[in-house]
Amino acid sequence: MAEHVKVLLTEEEVDRRIQEIGDQISRDYEGKEVHLICVLKGGAFFMCELAKRITTPVSLDFMSVSSYGSATKSSGVVKIVKDLDEPLKDKDVLVVEDIVDSGRTLSYLIDMLKDRGPKSIKLCTLLDKPERRVVDVHVDYTCFQIPDEFVVGYGLDYDQKYRNLPYIGVVEFD
(Lines give C-alpha, C1' and ligand atoms only; values in the text may rest on other atoms or scores of the structure.)
Protein backbone atom coordinates (compact mmCIF):
# COMPACT_ATOMS: atom_id res chain seq x y z
CA MET A 1 0.00 0.00 0.00
CA ALA A 2 1.47 3.34 -1.09
CA GLU A 3 0.97 6.58 0.77
CA HIS A 4 1.28 10.27 0.03
CA VAL A 5 1.15 13.39 2.20
CA LYS A 6 -1.33 16.26 1.83
CA VAL A 7 -0.49 19.60 3.52
CA LEU A 8 -2.71 20.36 6.54
CA LEU A 9 -0.75 23.25 8.12
CA THR A 10 1.91 25.15 6.18
CA GLU A 11 5.40 25.85 7.49
CA GLU A 12 4.46 29.53 7.86
CA GLU A 13 1.32 28.74 9.88
CA VAL A 14 3.28 26.46 12.22
CA ASP A 15 6.10 28.96 12.66
CA ARG A 16 3.71 31.82 13.42
CA ARG A 17 1.75 29.79 16.00
CA ILE A 18 4.90 28.56 17.78
CA GLN A 19 5.97 32.21 18.13
CA GLU A 20 2.59 33.07 19.68
CA ILE A 21 2.81 30.18 22.15
CA GLY A 22 6.43 31.08 22.97
CA ASP A 23 5.33 34.65 23.74
CA GLN A 24 2.52 33.38 25.97
CA ILE A 25 4.83 31.02 27.88
CA SER A 26 7.36 33.85 28.30
CA ARG A 27 4.67 36.01 29.89
CA ASP A 28 3.36 33.19 32.10
CA TYR A 29 6.84 32.27 33.38
CA GLU A 30 8.22 35.80 33.66
CA GLY A 31 10.80 35.94 36.47
CA LYS A 32 11.09 32.15 36.59
CA GLU A 33 13.10 29.44 34.88
CA VAL A 34 11.07 26.88 32.97
CA HIS A 35 12.33 23.30 32.69
CA LEU A 36 11.23 21.90 29.33
CA ILE A 37 10.82 18.14 29.05
CA CYS A 38 10.71 16.91 25.49
CA VAL A 39 8.87 13.71 24.75
CA LEU A 40 11.04 12.07 22.09
CA LYS A 41 11.26 11.54 19.23
CA GLY A 42 8.42 13.55 17.76
CA GLY A 43 8.61 16.42 20.22
CA ALA A 44 12.26 17.29 19.49
CA PHE A 45 11.55 19.50 16.45
CA PHE A 46 8.79 21.38 18.26
CA MET A 47 10.69 21.82 21.53
CA CYS A 48 13.78 23.23 19.82
CA GLU A 49 11.70 25.78 17.92
CA LEU A 50 9.64 26.63 21.01
CA ALA A 51 12.70 27.03 23.26
CA LYS A 52 14.19 29.58 20.83
CA ARG A 53 11.08 31.72 21.23
CA ILE A 54 10.85 31.69 25.05
CA THR A 55 12.54 34.74 26.56
CA THR A 56 12.76 33.50 30.17
CA PRO A 57 15.59 31.13 31.15
CA VAL A 58 15.02 27.54 30.04
CA SER A 59 16.62 24.22 30.83
CA LEU A 60 16.00 21.09 28.80
CA ASP A 61 15.66 17.38 29.38
CA PHE A 62 14.42 14.51 27.26
CA MET A 63 12.48 11.33 27.76
CA SER A 64 11.15 8.74 25.40
CA VAL A 65 7.74 7.23 26.01
CA SER A 66 6.09 5.01 23.44
CA SER A 67 2.59 3.68 22.88
CA TYR A 68 2.58 3.42 19.10
CA GLY A 69 5.37 1.21 17.72
CA SER A 70 4.93 1.20 13.94
CA ALA A 71 1.13 1.42 14.02
CA THR A 72 -1.05 4.44 13.25
CA LYS A 73 -3.16 4.11 16.42
CA SER A 74 -2.03 4.13 20.06
CA SER A 75 -1.71 0.65 21.52
CA GLY A 76 -2.57 1.90 25.00
CA VAL A 77 0.53 0.20 26.40
CA VAL A 78 2.95 2.86 27.70
CA LYS A 79 6.65 2.06 27.73
CA ILE A 80 9.41 4.36 29.06
CA VAL A 81 12.28 4.00 26.63
CA LYS A 82 14.51 6.78 28.07
CA ASP A 83 14.01 8.45 31.43
CA LEU A 84 15.06 11.96 32.47
CA ASP A 85 18.66 12.83 33.31
CA GLU A 86 17.87 15.44 35.99
CA PRO A 87 15.62 15.51 39.08
CA LEU A 88 12.44 17.63 38.92
CA LYS A 89 12.25 18.63 42.59
CA ASP A 90 11.02 22.25 42.93
CA LYS A 91 11.24 23.00 39.19
CA ASP A 92 8.59 24.66 37.04
CA VAL A 93 8.15 21.92 34.46
CA LEU A 94 6.65 22.22 31.00
CA VAL A 95 6.16 18.91 29.20
CA VAL A 96 6.48 19.48 25.45
CA GLU A 97 4.70 16.98 23.24
CA ASP A 98 4.19 16.74 19.50
CA ILE A 99 0.59 15.50 19.66
CA VAL A 100 -2.04 14.67 22.25
CA ASP A 101 -4.32 11.96 20.95
CA SER A 102 -6.02 9.40 23.22
CA GLY A 103 -4.45 10.96 26.33
CA ARG A 104 -3.28 7.60 27.69
CA THR A 105 0.44 8.27 27.33
CA LEU A 106 0.30 11.84 28.64
CA SER A 107 -1.94 10.96 31.57
CA TYR A 108 0.50 8.26 32.65
CA LEU A 109 3.50 10.52 32.10
CA ILE A 110 2.10 13.56 33.94
CA ASP A 111 1.12 11.43 36.96
CA MET A 112 4.58 9.88 37.05
CA LEU A 113 6.32 13.27 36.81
CA LYS A 114 4.10 14.81 39.54
CA ASP A 115 5.45 12.14 41.91
CA ARG A 116 8.95 13.57 41.39
CA GLY A 117 8.15 16.82 43.24
CA PRO A 118 8.11 19.63 40.67
CA LYS A 119 6.95 23.06 41.86
CA SER A 120 4.51 23.10 38.92
CA ILE A 121 3.82 21.00 35.85
CA LYS A 122 2.09 22.08 32.66
CA LEU A 123 1.63 20.56 29.23
CA CYS A 124 2.32 22.14 25.83
CA THR A 125 1.51 20.41 22.57
CA LEU A 126 1.97 21.25 18.94
CA LEU A 127 -1.16 19.33 17.92
CA ASP A 128 -4.25 18.23 19.80
CA LYS A 129 -6.93 15.76 18.68
CA PRO A 130 -9.56 16.26 21.42
CA GLU A 131 -12.16 14.05 19.70
CA ARG A 132 -9.83 11.04 20.15
CA ARG A 133 -9.55 11.47 23.93
CA VAL A 134 -10.23 8.38 26.04
CA VAL A 135 -8.40 9.72 29.13
CA ASP A 136 -8.92 13.30 30.34
CA VAL A 137 -5.68 15.30 30.04
CA HIS A 138 -5.48 19.05 30.63
CA VAL A 139 -3.42 20.77 27.93
CA ASP A 140 -2.20 24.22 29.00
CA TYR A 141 -0.77 25.37 25.66
CA THR A 142 -2.03 24.10 22.31
CA CYS A 143 -0.74 25.30 18.97
CA PHE A 144 -3.41 23.63 16.83
CA GLN A 145 -6.49 21.46 17.31
CA ILE A 146 -6.73 19.12 14.36
CA PRO A 147 -9.24 16.58 13.03
CA ASP A 148 -8.88 12.87 13.62
CA GLU A 149 -6.48 12.17 10.77
CA PHE A 150 -3.03 10.57 10.81
CA VAL A 151 -0.53 13.42 10.57
CA VAL A 152 3.20 13.65 9.90
CA GLY A 153 5.87 16.29 9.61
CA TYR A 154 7.58 18.63 12.06
CA GLY A 155 8.81 15.63 14.03
CA LEU A 156 5.77 13.39 13.65
CA ASP A 157 6.34 10.23 11.69
CA TYR A 158 4.75 7.28 10.01
CA ASP A 159 7.03 4.28 10.59
CA GLN A 160 10.03 6.66 10.98
CA LYS A 161 9.31 8.51 7.71
CA TYR A 162 8.32 12.16 7.15
CA ARG A 163 9.67 13.61 10.45
CA ASN A 164 11.75 16.13 8.52
CA LEU A 165 8.85 17.76 6.66
CA PRO A 166 8.74 21.48 7.61
CA TYR A 167 4.91 21.42 7.68
CA ILE A 168 2.13 19.25 9.09
CA GLY A 169 0.62 16.87 6.57
CA VAL A 170 -2.02 14.15 6.48
CA VAL A 171 -0.95 10.69 5.37
CA GLU A 172 -3.31 9.35 2.72
CA PHE A 173 -3.12 5.74 1.63
CA ASP A 174 -3.74 4.65 -1.96
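The basis for the numbers below is simple: all heavy atoms, side chains too, and nothing from hydrogens, waters or symmetry mates.
The existence of a salt bridge linking Arg116 and Asp83 is confirmed by a sub-4.0 Å separation between a basic side-chain nitrogen and an acidic carboxylate oxygen. Between Arg16 and Glu13, no side-chain nitrogen of the basic residue sits less than 4.0 Å from a carboxylate oxygen of the acidic one, so the salt-bridge criterion is not met. Salt-bridge annotation for Lys119 and Asp90: absent, with no side-chain N of the basic residue lying under 4.0 Å from a carboxylate O of the acidic one. The residues Glu33 and Lys91 are annotated as not salt-bridged, no charged nitrogen and carboxylate oxygen being separated by less than 4.0 angstrom.
In this structure, the side chains of Val151 and Ile146 come closer than 4.5 Å at one or more pairs of heavy atoms. Residues Leu88 and Ile37 meet the side-chain proximity criterion, which asks for heavy atoms closer than 4.5 Å. Using a 4.5 Å heavy-atom cutoff, the side chains of Leu123 and Glu97 are in contact. You'll find the side chain of Met47 reaches within 4.5 Å of the side chain of Leu60, heavy atoms only. Within the 4.5 Å cutoff, the side chain of Leu127 has no heavy atoms near those of the Val100 side chain. Between Tyr29 and Pro57 there is no side-chain heavy-atom pair separated by less than 4.5 Å. By the 4.5 Å heavy-atom criterion applied to side chains, Glu11 and Tyr154 are not counted as neighbours.
To the nearest 0.5 angstrom, Asp128 atom CG is 4.5 Å from Thr142 atom OG1. The distance from atom CZ of Arg132 to atom CG of Asp101, rounded to the nearest 0.5 Å, is 4.5 Å. To the nearest 0.5 angstrom, Ser64 atom OG is 8.5 Å from Lys82 atom NZ. Considering CG of Asp98 and CG of Leu156, their distance stands at 4.0 Å, rounded to 0.5 Å. Taking CG from Asp111 and CG from Leu113, the interatomic distance works out to 9.0 Å, rounded to the nearest 0.5 Å. Annotation: the span from Ile168 atom CD1 to Lys6 atom NZ amounts to 14.0 Å, rounded to 0.5 Å.
Val137 approaches Gly103 most closely through the heavy-atom pair CG2-O, 3.3 Å. Shortest non-hydrogen contact noted between Ala51 and Leu36 is CB-CD1, 3.8 Å. Taking all atoms of both residues into account, the shortest heavy-atom contact from Ala44 to Cys38 is N-SG, 3.3 Å.
Remark: Tyr167 engages Val5, Val7, Leu165 in a side chain to side chain contact (heavy atoms under 4.5 Å, CB included) (not counting sequence neighbours). Not counting sequence neighbours, the partners of Asp15 by the side chain to side chain contact (heavy atoms under 4.5 Å, CB included) test are Arg53.
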Just do the side-chain contact (heavy atoms from CB on, under 4.5 Å) check on Leu126 and Val14 with the steps written out, would you?
-> CA-CA 9 Å; Leu126 177 60; Val14 173; 4.2 Å; yes
Between Val135 and Ser102, is a side-chain contact (heavy atoms from CB on, under 4.5 Å) present by the stated rule, with each step listed?
-> CA-CA 6 Å; Val135 176; Ser102 70; over 6 Å; no
In sequence, state the C-alpha distance, the side-chain angles, and the governing distance for Val134 and Arg104, and then conclude on side-chain contact (heavy atoms from CB on, under 4.5 Å).
-> CA-CA 7 Å; Val134 296; Arg104 286 184 187 108; 3.7 Å; yes
Phe46 and Cys143: CA distance, side-chain angles, deciding distance, side-chain contact (heavy atoms from CB on, under 4.5 Å) verdict | CA-CA 10 Å; Phe46 175 45; Cys143 288; 3.8 Å; yes
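Judged by distance alone, with hydrogens and angles left aside, the side-chain atoms of Asp157 form no donor-acceptor pair with the main-chain N or O of Tyr162 at under 3.5 Å. Judged purely by atom type and a 3.5 angstrom limit, Asp140 has no side-chain atom pairing as donor or acceptor with the backbone of Lys122. Checked by atom type and distance alone, the side chain of Lys41 never pairs as donor or acceptor with a backbone atom of Gly155 at under 3.5 Å. Using modelled atom types, one side-chain atom of Ser26 and one backbone atom of Thr55 make a donor-acceptor pair closer than 3.5 Å.
Between the side chains of Tyr141 and Asp28, a donor-acceptor pair is found at a separation under 3.5 Å. In summary, the side chains of His4 and Asp174 do present a donor paired with an acceptor at a separation below 3.5 Å, with no hydrogens or angles considered.
The aromatic rings of Phe150 and Tyr158 sit perpendicular to each other, their planes meeting at more than 60°, with 30° as the lower class boundary.
Around the CD atom of Glu30, the shell of radius 6.0 Å holds no more than 12 heavy atoms that belong to other residues, nucleotides or ligands.
Under the salt bridge (Lys or Arg N to Asp or Glu O under 4.0 Å) criterion, the residue pairs touching residues 18-27 are Arg17-Glu20, with sequence neighbours excluded.
Because its NZ or CZ atom is not both nearer than 6.0 Å to the ring centre of Phe144 and within 45° of the ring axis, Lys129 does not count as a cation-pi partner of that residue.
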